[in-house]
Amino acid sequence: MAAMLDRPFFDRPVLDVSRDLIGAFLAFDGVGGRIVEVEAYDEGDPASHSFRGPTPRNAVMFGPPGHAYVYKIYGIHFCLNFVCQPGSAVLIRALEPQEGLPRMHERRGGVGEKQLCSGPGKLAQALGINLDHNGLALDRPPFLVRPADDSHPIATGPRIGITKGMETPWRFVLAGSPFLSKPLSPERKAL
DNA sequence: GAAAGGATCCGCT
DNA sequence: GCGGATCCTTTCA
């Protein structure tokens, strides 16, 4: 079986992990695809849940690397993060669907393939992720995370939907992917 | 104890 | 392009 991303991979600076996750494969209970969009958050970042220190909700962000931090947003949607070094995490924002397409379509209700996982809330819905999965380890089932098998053109830009820290270009995308939550604009230098 | 506001999505205009 | 849905965490008095 192919290499799996485990704790040492995530126990690194969050920007390095974010970059290396573009093109990686994520599945939850056999449903998933290629990661094409992520955002980095860390403790010194006013947009991050960890900015004001540990709370009951964000406790997982201060726990061991390589675990899932899941939270509910706007009372409706769930967002999936990968915990890196203490107080930092990567928000998984979009996937290129590859496995378990029928179940994704069931959960997402008749949207086109490009919209199955083109946003953090959509992705969590398509994969069936909810608060029950907060704190689960990423290196064993139902999670499966495999590294990218080749290099990918990566672009960066400002993060989406935040009200603080807007100038920090910590959004990472697979350049030119049609599965992003939004096109990257303006396009920034690749890494 | 109260109030504000959020790392979103969808439908309507 | 704009606003509503919907809830619960965090903050402040």
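Just so it is clear, the model here is predicted, and its values are computed rather than measured.
Note that the NZ atom of A:Lys72 and the CG atom of A:Leu131 stand 6.5 Å from one another [nearest 0.5 Å]. For the atom pair CD1 (A:Ile160) and CD (A:Glu37), the distance works out to 6.0 Å, reported to the nearest 0.5 Å.
Comparing B:dG5 with C:dG3, their C1' atoms are spaced 16 Å from each other, to the whole Å. Across the P atoms, B:dA4 and C:dG4 are found 16 Å apart, a figure rounded to whole Å.
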Filtered N/O pairs between nucleotides 1-6 of chain B and protein, under 3.5 Å:
| residue | atom | partner | partner atom | Å |
| --- | --- | --- | --- | --- |
| B:dG6 | OP1 | A:Thr163 | OG1 | 3.2 |

Can you name the atoms? Protein N/O to nucleotides 10-12 of chain B N/O, anything below 3.5 Å, with the distance.
| residue | atom | partner | partner atom | Å |
| --- | --- | --- | --- | --- |
| B:dC10 | OP1 | A:Arg108 | NH1 | 2.9 |
| B:dC10 | OP1 | A:Arg108 | NH2 | 3.3 |

- prompt: Would you write out the dot-bracket form of DNA chain B, 5' to 3', with Watson-Crick and G-U pairs under 3.5 Å, [ ] for crossing pairs, | for pairs to other strands and . for unpaired bases?
  reply: ||||||.|||||.

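Aromatic pair A:His133/A:Phe78: ring centres not closer than 6.0 Å.
For DNA chain C, the outermost nucleotides in 5' to 3' order that have an atom under 4.0 Å from a heavy atom of chain A are C:dA5 to C:dT11.
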Can you give each donor-acceptor pair under 3.5 Å made by side-chain atoms of residues 94-105 of chain A, sequence neighbours left out, with the distance rounded to 0.1 Å?
| residue | atom | partner | partner atom | Å |
| --- | --- | --- | --- | --- |
| A:Glu96 | OE1 | A:Arg34 | NE | 3.2 |
| A:Glu96 | OE1 | A:Arg34 | NH2 | 2.8 |
| A:Gln98 | OE1 | A:Arg34 | N | 3.3 |
| A:Arg103 | NH1 | A:Asp29 | OD2 | 3.3 |
| A:Arg103 | NH2 | A:Asp29 | O | 2.8 |

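Separating the NZ atom of A:Lys182 from the C1' atom of B:dC9 is a distance of 11 Å, rounded to the nearest angstrom. One interatomic measurement links the two molecules: CD1 of A:Ile76 to P of B:dA7, which rounds to 15 Å at whole-angstrom precision. Between A:Phe82 atom CZ and B:dA7 atom C1' there is a gap of 15 Å when expressed in whole angstrom units. For A:Phe51 and B:dA7, the CZ to P distance is 13 Å, given to the nearest whole Å.
Note: the hydrophobic cluster containing A:Trp170 also contains A:Leu80 (ILVMFWY, side chain heavy atoms under 4.5 Å, direct or indirect links). Under the 4.5 Å side-chain heavy-atom criterion for grouping Ile, Leu, Val, Met, Phe, Trp and Tyr, A:Ile154 is connected to A:Phe9 within one hydrophobic cluster. A:Phe143 and A:Leu91 are not part of a single hydrophobic cluster, where members link through side-chain heavy atoms under 4.5 Å apart. Under a hydrophobic-cluster definition in which Ile, Leu, Val, Met, Phe, Trp and Tyr are linked whenever side-chain heavy atoms come within less than 4.5 Å, directly or via other members, A:Leu136 and A:Phe62 are assigned to different clusters. A continuous path of ILVMFWY side-chain contacts below 4.5 Å connects A:Val70 to A:Ile35, so both sit in one hydrophobic cluster.
For A:Arg159 (side chain) and A:Tyr41 (main-chain N/O), no donor-acceptor pair under 3.5 Å exists by modelled atom type.
Aromatic stacking of A:Tyr41 on B:dA7: satisfied, with centres closer than 5.5 Å and planes within an angle under 30 degrees.
Residue-level contact check: A:Arg159 touches neither bases nor backbone, having no heavy atom under 4.0 Å from any strand. Note on A:Ile162: only backbone sugar-phosphate atoms sit closer than 4.0 angstrom, heavy atoms only; bases stay farther off.
Contacts of A:Tyr71 classified as ring pair (Phe, Tyr, Trp, His ring centres under 6.0 Å), with partners at least two apart in sequence or in another chain: A:His49, A:Tyr69.
Scanning both residues, A:Asp45 and A:Ala40, for their nearest heavy atoms gives OD2-O, 4.1 Å.
Atom CZ of A:Arg52 has 12 or fewer heavy atoms from other residues, nucleotides or ligands within 6.0 Å.
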Worked check of side-chain contact (heavy atoms from CB on, under 4.5 Å) between A:Val60 and A:Asn81: CA-CA 10 Å; A:Val60 174; A:Asn81 298 254; over 6 Å; no

